[in-house]
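Shown next, in structure tokens, is the structure this report addresses.
Predicted model only: the values in this text are computed from it and were never measured.
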Amino acid sequence: MENQHLVQPNPALPRDFKRNNFDLLRIIAAAQVVLAHSLHHLGLEEPGWWSLVDAFPGVPIFFAISGYLISASYERSSSLSGYARNRLLRIFPGLWFCVFATILVAAVLGFNLVSWTGVKWLLAQLIGVIYTPSFLRDFGFGSYNGSLWTIPIELQFYLVL
């Protein structure tokens, strides 16, 4: 209750705020990232039209959209604690699922996760401090999930806002 005066819902926001083209922009940005990584990982040459695609890099587009959407979420929140709860629920369930799926797949593939290093890694992942320890360097392309590096940045966006 003490921080409610800091965050008030914005009555000026239209009711149909969710009707926008952000999903389309995110799909285009995701397609750019998938194409760029596919070309790199498969060792393919960039096609002649690639300079047009490369002019709109997906990751910065995602971060710009994220900045806008999380500030809009903050404006719509009725309290700071409500905003924080919503942000935590947006990030952590998916992150935890991903980490536990990784543990399952790595264990099935014969990676030894039962060590002090494994425990430290697991705890760090569960709070959003993402890194790939040496025992997982041979998993996939050298990172157990290359997209998770964005989680600490997203969490920093939330804290700065």
Side-chain angles (χ1 to χ4, degrees), residues 7 9-10 12-77 80 82-106 109 111 117 120-161:
V7 183
N10 186 343
L13 289 176
R15 287 183 158 264
D16 61 347
F17 181 77
K18 291 191 178 240
R19 290 185 195 163
N20 54 51
N21 287 321
F22 287 118
D23 288 338
L24 175 62
L25 292 174
R26 289 191 280 200
I27 288 170
I28 292 169
Q32 191 279 338
V33 171
V34 168
L35 282 171
H37 286 291
S38 296
L39 290 175
H40 172 74
H41 288 302
L42 296 173
L44 301 174
E45 287 188 36
E46 293 176 353
W49 47 264
W50 185 252
S51 60
L52 176 63
V53 173
D54 210 27
F56 301 96
V59 173
I61 291 170
F62 274 120
F63 283 139
I65 292 170
S66 254
Y68 175 77
L69 292 176
I70 65 173
S71 63
S73 173
Y74 178 75
E75 288 178 355
R76 288 190 314 270
S77 295
L80 187 56
Y83 167 77
R85 185 191 77 246
N86 289 342
R87 296 299 90 207
L88 294 176
L89 288 173
R90 173 110 170 113
I91 293 291
F92 286 104
L95 173 61
W96 294 338
F97 177 82
C98 180
V99 169
F100 286 116
T102 298
I103 290 169
L104 180 65
V105 171
L109 294 175
F111 287 86
T117 304
K120 289 189 301 187
W121 168 79
L122 175 61
L123 293 174
Q125 303 320 286
L126 293 178
I127 63 169
V129 178
I130 307 301
Y131 70 95
T132 301
S134 59
F135 68 84
L136 285 177
R137 289 281 180 214
D138 294 328
F139 187 86
F141 291 104
S143 175
Y144 77 93
N145 186 326
S147 63
L148 291 183
W149 68 268
T150 63
I151 297 293
I153 294 171
E154 191 93 8
L155 292 172
Q156 290 174 42
F157 284 171
Y158 298 161
L159 287 173
V160 166
L161 185 65

| request: Mind checking salt bridge (charged side-chain N to carboxylate O under 4.0 Å, His left out) for Arg26 and listing every partner two or more places apart, or none if nothing turns up? | output: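 If we apply the salt bridge (charged side-chain N to carboxylate O under 4.0 Å, His left out) test to Arg26, skipping adjacent residues, the hits are Asp23.
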
Distance from [X] atom [atom1] to [Y] atom [atom2], nearest 0.5 Å?
X	Y	atom1	atom2	answer
Lys120	Leu122	NZ	CG	13.0 Å
Leu109	Asp138	CG	CG	11.5 Å
Glu75	Leu161	CD	CG	8.5 Å
Phe135	Trp121	CZ	CH2	6.0 Å

Name the atoms and distances for all side-chain donor-acceptor pairs under 3.5 Å in residues 139-151, with sequence neighbours left out.
from, atom 1, to, atom 2, distance (Å)
Ser143, OG, Thr132, OG1, 3.4
Tyr144, OH, Gln125, OE1, 2.6
Asn145, OD1, Ser147, N, 3.1
Asn145, OD1, Ser147, OG, 2.7
Trp149, NE1, Gly146, O, 3.3
Thr150, OG1, Ser147, O, 3.0

| query | Which residue pairs pass the salt bridge (charged side-chain N to carboxylate O under 4.0 Å, His left out) test when at least one of the two sits in residues 31-59, sequence neighbours left out? | reply |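 Listed once each, the pairs would be none.
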
| field | Counterpart residues, side chain to side chain contact (heavy atoms under 4.5 Å, CB included), relative to Ala36 (two or more places apart) | value |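 Checked Ala36 against side chain to side chain contact (heavy atoms under 4.5 Å, CB included); matches are Gln32, Trp50.
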
| Nearest non-hydrogen partners of Pro152 and Gly128, listed with the distance |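 Heavy-atom minimum between the residues: CG-O, 3.3 Å.
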
| Heavy-atom pair with the smallest gap, counting every atom of Tyr83 and Tyr74 |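 That would be CD1-CA, 3.5 Å.
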
Taking distance alone, no hydrogens or angles, what donor-acceptor pairs closer than 3.5 Å link side-chain atoms of residues 90-106 to residues at least two apart or in another chain?
from, atom 1, to, atom 2, distance (Å)
Trp96, NE1, Leu126, O, 2.7
Thr102, OG1, Cys98, O, 2.8

| His41 atom NE2: more than 12 heavy-atom contacts under 6.0 Å |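 Yes, because the 6.0 Å sphere around NE2 of His41 holds more than 12 heavy atoms from other groups.
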
| task | Flag the pair Leu35 / Ser38 as yes when at least one side-chain heavy-atom distance between them is below 4.5 Å, and no otherwise. | result |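 Counting from C-beta outward, Leu35 and Ser38 never come under 4.5 Å.
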
| message | Just so I know, are the side chains of Pro47 and Val53 near enough to count as touching, which here means a heavy-atom distance under 4.5 Å? | response |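 A side-chain contact is absent here, since even the closest heavy-atom pair is not under 4.5 Å.
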
Pairs of donor and acceptor atoms involving the side chains of residues 56-67, under 3.5 Å and at least two apart or interchain, shall be tabulated with distances.
from, atom 1, to, atom 2, distance (Å)
Ser66, OG, Glu154, OE1, 3.3
Ser66, OG, Glu154, OE2, 3.2

